[in-house]
Amino acid sequence: MTGDPEDDDPADVARPADDSHAELPIDPDAPAVRPLHLRPSALAWIFAGGIAGTALRYYIEKLIPHDGASWPWATFLINLSGAFVLGALLEGLARLGDDAGWRRRTRLCAGTGFCGAFTTYSTFALEVVLLERHGHLGTAISYGVLSVVGGVITAWLGIVVVASVHRRRAPA
């Protein structure tokens with residue numbers, strides 16, 4: 001129990017359906033709390049972030065359409081910026097404390113929900129295939145390699161930037 005009402009929802013406590021002694025402590029061998037992925041509140045935070053991430057990706061893809069024969073700039077920039085944001089977000093939240101309360105809700109909404117819906121592996125994979133089918137094998141390979149390597153680098157940069165800001169703000 002963390003003290004945060006969101007994290008300590010009594011409905012999340014596992015009790016047998018036929019428990020006639022609710023006043024007694026819970027069986028220590030029984031799971032104490034419903035897993036996070038089964039909590040409606042957690043799913044709601046992810047859903048809310050997912051709506052925003054999907055909408056933003058949709059509008060960016062509309063602004064910079066891809067024809068299947070040229071570099072897919074929209075998806076490339078979306079995936080790299082999403083990796084940066086996710087790296088920065090998770091580093092920042094980790095430096096602020098345990099994954100509980102508002103930090104957990106922020107991670108679920110902005111990290112899992114927004115970044116998960118904003119970035120897109122399926123569109124990236126489809127664009128690689130389309131480039132190859134249109135006879136642009138070199139571009140397909142370059143796009144694939146640069147997207148994966150670039151995603152790792154931009155996630156790392158997000159971590160480095162937040163760590164650097166944290167070090168500058170920390171008392172000496």
Side-chain angles (χ1 to χ4, degrees), residues 1-17 19 22 26 30-66 68 71-130 143-144 146-163 165-166:
M1 300 299 197
T2 62
D4 184 335
E6 176 91 12
D7 295 331
D8 299 335
D9 185 352
D12 291 332
V13 176
R15 286 194 181 275
D19 186 5
I26 299 172
V33 176
R34 238 190 273 171
L36 187 60
H37 70 278
L38 296 178
R39 296 184 199 174
S41 61
L43 297 175
W45 284 108
I46 294 167
F47 183 75
I51 290 171
T54 300
L56 184 57
R57 176 169 43 93
Y58 172 80
Y59 288 114
I60 292 173
E61 293 280 357
K62 285 298 213 183
L63 285 172
I64 313 170
H66 179 243
W71 190 272
W73 283 107
T75 306
F76 184 71
L77 296 173
I78 286 167
N79 286 342
L80 294 184
S81 61
F84 179 87
V85 168
L86 187 59
L89 173 73
L90 295 180
E91 178 69 14
L93 290 173
R95 288 180 175 275
L96 291 173
D98 292 337
D99 184 40
W102 70 268
R103 288 179 298 279
R104 177 177 289 164
R105 291 188 297 274
T106 301
R107 177 180 59 82
L108 291 172
C109 186
T112 305
F114 179 84
C115 289
F118 180 63
T119 59
T120 171
Y121 184 80
S122 58
T123 303
F124 155 70
L126 175 64
E127 290 168 341
V128 169
V129 169
L130 290 176
Y143 174 56
L146 287 174
S147 291
V148 172
V149 172
V152 170
I153 291 170
T154 54
W156 174 76
L157 285 173
I159 293 167
V160 168
V161 167
V162 170
V165 168
H166 179 75

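When reading the values below, keep in mind they use all heavy atoms of this one structure, side chains included, and skip hydrogens, waters and symmetry mates.
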Got a second to check how far [X]'s [atom1] is from [Y]'s [atom2], nearest 0.5 Å?
| X | Y | atom1 | atom2 | result |
| --- | --- | --- | --- | --- |
| Phe47 | Thr54 | CZ | OG1 | 9.0 Å |
| Leu77 | Trp71 | CG | CH2 | 10.0 Å |
| Ile46 | Ile51 | CD1 | CD1 | 12.5 Å |
| Tyr59 | Ile64 | OH | CD1 | 15.5 Å |
| Trp73 | Ile78 | CH2 | CD1 | 13.0 Å |

Next item on the list: If a pair satisfies salt bridge (Lys or Arg N to Asp or Glu O under 4.0 Å) and one of its residues is in residues 77-86, list it, with sequence neighbours excluded.
Entry: none
Enumerate, atom names and distances included, each donor-acceptor pair closer than 3.5 Å involving a side-chain atom of residues 151-158, sequence neighbours excluded.
{"residue": "Thr154", "atom": "OG1", "partner": "Leu80", "partner atom": "O", "Å": "3.1"}
{"residue": "Thr154", "atom": "OG1", "partner": "Gly150", "partner atom": "O", "Å": "2.9"}
{"residue": "Thr154", "atom": "OG1", "partner": "Gly151", "partner atom": "O", "Å": "3.2"}

Note to self: Show the nearest heavy-atom pair for residues Gly82 and Cys115, with the distance to one decimal.
What the structure shows: O-SG, 4.0 Å
Item checked: Nearest atoms (heavy-atom pairs only) where Leu108 meets Ala42 -> CD1-CB, 3.7 Å
Margin query: Between Trp102 and Leu93, is the side-chain contact (heavy atoms from CB on, under 4.5 Å) condition met? List the steps.
Written below: CA-CA 10 Å; Trp102 70 268; Leu93 290 173; 4.1 Å; yes
Next item on the list: Kindly write out the residues that satisfy ring-ring contact (aromatic ring centres under 6.0 Å, His included) with Phe124, not counting sequence neighbours, or none if the list is empty.
Entry: Tyr121, Tyr143
Next item on the list: For the residue pair Pro40 and Arg34, establish whether any side-chain heavy-atom pair is separated by less than 4.5 Å.
Entry: yes
Item checked: Arg95: partners by salt bridge (Lys or Arg N to Asp or Glu O under 4.0 Å), with sequence neighbours left out -> Glu91
Next item on the list: Could you name each residue pair satisfying side chain to side chain donor-acceptor pair (under 3.5 Å) that touches residues 107-118, not counting sequence neighbours?
Entry: Asp99-Arg107
Next item on the list: Give me the ring orientation class for Phe114 and Phe118: parallel if the planes are under 30° apart, tilted from 30 to 60°, perpendicular past 60°.
Entry: parallel
Notebook entry, point to check: In chain order, what residues pass the side-chain hydrogen bond (donor to acceptor under 3.5 Å, both in side chains) check against Arg57, with sequence neighbours excluded?
Noted result: none
Item checked: CA sep, side-chain torsions, deciding dist, call: Glu61, Thr123, side-chain contact (heavy atoms from CB on, under 4.5 Å) -> CA-CA 10 Å; Glu61 293 280 357; Thr123 303; 4.3 Å; yes
